[in-house]
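Every chain is numbered from 1, with letters handed out A, B, ... down the list of sequences.
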2 protein chains.
Amino acid sequence: MTAALKNDGTVGKALSVLDQIASYGRPVRFTELLGDSALPKATLYRFVQTLTNQGMLQYDPERQTYAPGLRLVRLAHAAWAQSSLAPVARPHIDALSAETGETVHLAQLDHAQVLYVDKRNARDPVEMFSQAGKVGPAYCTGVGKAMLAYLPEPELNAALAQQSWHRFTATTHVSPDSLRTELHDIHSDGLSFDREEHEAGIICVAVPILNAHQRPLGALSVTGTTRRTSLDALRALGPRLKQAAHAIATDAESWLFPQTNSAATPAQYISKGETPHVRSDA
Amino acid sequence: MTAALKNDGTVGKALSVLDQIASYGRPVRFTELLGDSALPKATLYRFVQTLTNQGMLQYDPERQTYAPGLRLVRLAHAAWAQSSLAPVARPHIDALSAETGETVHLAQLDHAQVLYVDKRNARDPVEMFSQAGKVGPAYCTGVGKAMLAYLPEPELNAALAQQSWHRFTATTHVSPDSLRTELHDIHSDGLSFDREEHEAGIICVAVPILNAHQRPLGALSVTGTTRRTSLDALRALGPRLKQAAHAIATDAESWLFPQTNSAATPAQYISKGETPHVRSDA
DNA sequence: AACTGAGTTTCAAATAATGAAACCTATTTG
DNA sequence: CAAATAGGTTTCATTATTTGAAACTCAGTT
């Protein structure tokens, strides 16, 4: 059961197939999908056909496998540019990263999980490929806790019920109870820490990005290793982080949408047969 | 009419609504959608509801607007990691970028358009969706022409029929005829140039990334400005580019999928209520 | 108080989705 | 070599969902 708990008819079911396929993290064969799915063979088959047809899935005839398709990348570009905080936050993150020299993350809450929407690496060239789009647990990351701490009670309950409470390290919260206490503290001083709860040796400070109604829009964090830095050193960055978060919130609020194109795909880019809705004159 | 020319039933129609919304490049109101859509009011309304429900769209109650949703970003991460050449090409692109100091692009063909899947800008770090996911015209970009030149005849015809033939600059090809001649040349020496066809002052060299059957999987380019470099200087990079393209093709061919995780979202990241399909033991 | 426009809901008719079962077609097994 | 198996694909009568014209709601006008 994926996100499609609600009854969203055929479309919802098709999208849950998409989610399922994405969740494997590798190309999958039809039979494997079928085994893990509640849908009957023919139904699943048709969905997979349709989605492939639509470019939402990519079929490898050689290996007979399905994987998420490139159309998603195109669509995500639009989503990222419009629905995420990333575009507005960008200059602020750049500055933070330059000043601290550490890794900076920008995250938002999505389905009770942390979704990283942007990142600036520390000077080291290490790291996996691009972080945007990656998801992580909310209950044991600095950014996750920062956002949870400002969630209205009913939503918080819903979110907590969806956490996996997996014990990653010795300090990981493994139940809502212990976490709630910490969330209360976070709420009072507006600062959240990851005390190696997700990965040994990795610590971070995070702050929520709040709108005018104190609703969390996202969170911002600076991450370091226990070798190079300490919680106290990170705590010292608190004021700077809060300032950045506030600036981002302000910008986001007033950012109606730069009619001044540049975020959008100019009409000429749209190939024939597609409906152009954006006009760019240059 | 978007990609859903084929009759893909309800799901196809819903996805075309998604495409439509993404194409505006900014949040849109229901009425605007309705005006540009062939669907009847109630039908469009229900689709938009369903998609919002599913996180494929994001609704802003304050402004009453819809925009592509964050779920797309999550899904795209999987697509990018699995269906694009980007992960395999990464080290090669890094090297190229370091050696040349110029901007390097990695693109693939999607719906007869160029889809950029990765980029190195000598300076900036990678910000995934800001550039990956962007689309451009195939008929007047170096990467686009490199791929078109190696497309089998029937597919080439289909692709050419879908170009917009918009004249961006004085050198832009504005009909299939003149382009075909150039594609022939590109095919013979394996090198494609953008002679300020898309943007004045911007030139580039590109090579196709071909699989064992000479099918274009993608293309690689080095871009510069007429101020800083020349076509001849770029031409000199040809051999190096070809070498990189070949290396990428080879790696892609043999890259079954690193069972050795790291590409995948570990099972623990999946929140309760979602089906975990990936196992990671660490 | 009537009008307008945007958004939302209703409901019978039309259409599309469903899924059990049959059907392919390579590959493996006796 | 024949038979069995497994993965994948198609069929088709039944069933459930989608469809969309029209009616409704509720602001904000005029």
Between P of C/dA6 and CG of B/Leu44, the distance in whole Å: 14 Å
Over all atoms of both residues, closest heavy-atom pair of B/Val114 and B/Ala107: CG1-CB, 3.7 Å
Shortest non-hydrogen contact from B/Gln20 toward B/Leu33: NE2-O, 3.3 Å
Geometric class of the A/Trp165/A/Tyr139 ring pair [parallel <30°, tilted 30-60°, perpendicular >60°]: tilted
Separation of atom NZ in A/Lys13 from atom P in C/dA16, rounded to whole Å: 16 Å
Atom-pair distance (CZ on B/Arg63; P on C/dA6), nearest Å: 19 Å
Evaluation steps, side chain to side chain contact (heavy atoms under 4.5 Å, CB included), between A/Leu51 and A/Tyr66: CA-CA 10 Å; A/Leu51 290 170; A/Tyr66 296 89; over 6 Å; no
Secondary-structure string, 5' to 3', Watson-Crick or G-U under 3.5 Å, | for another-strand partners, for DNA chain C: ||||||||||||||||||||||||||||||
Per-nucleotide protein contact string for nucleotides 22-27 of chain C, where B marks a base within reach and S marks sugar-phosphate only (heavy atoms under 4.0 Å, - for neither): ------
Between D/dA6 (C1') and A/Phe30 (CZ): distance, integer Å: 13 Å
Side-chain donor/acceptor of A/Gln54 to backbone N/O of B/Ser16, under 3.5 Å: no
Heavy-atom closest contact (B/Leu85 atom, B/Gln108 atom, distance): N-OE1, 2.9 Å
Sugar-phosphate, base or nothing in reach of A/Thr10, heavy atoms under 4.0 Å: sugar-phosphate
Any donor-acceptor N/O pair, B/Gln163 side chain to B/Ala112 backbone, under 3.5 Å: yes
C/dG7 OP1/OP2 closer than 4.0 Å to side-chain N/O of B/Thr31: yes
Plane angle bin for B/Phe30 and B/Tyr45 - parallel if under 30°, tilted between 30 and 60°, otherwise perpendicular: perpendicular
Donor/acceptor link under 3.5 angstrom from B/Arg46 side chain onto base of D/dG20: yes
Whole-Å distance separating the OH atom of A/Tyr59 from the C1' atom of D/dT9: 11 Å
A/Asp60 CG to D/dG7 C1', straight-line distance once rounded to whole Å: 16 Å
From CA spacing to verdict: side chain to side chain contact (heavy atoms under 4.5 Å, CB included), A/Leu151, A/Leu183: CA-CA 10 Å; A/Leu151 232 40; A/Leu183 291 182; over 6 Å; no
Atom pair distance, as rounded to whole Å: OH in A/Tyr66 and P in D/dT9: 5 Å
B/Gln64 side chain near C/dA6 phosphate (N/O to OP1/OP2, under 4.0 Å): no
Under 4.0 angstrom between A/Tyr45 side-chain N/O and D/dG8 OP1 or OP2: no
Position toward the 5' end of DNA chain C (nearest nucleotide), B/Val11 or B/Arg29: B/Arg29
Whole-Å distance separating the CD atom of B/Gln49 from the C1' atom of D/dG20: 16 Å
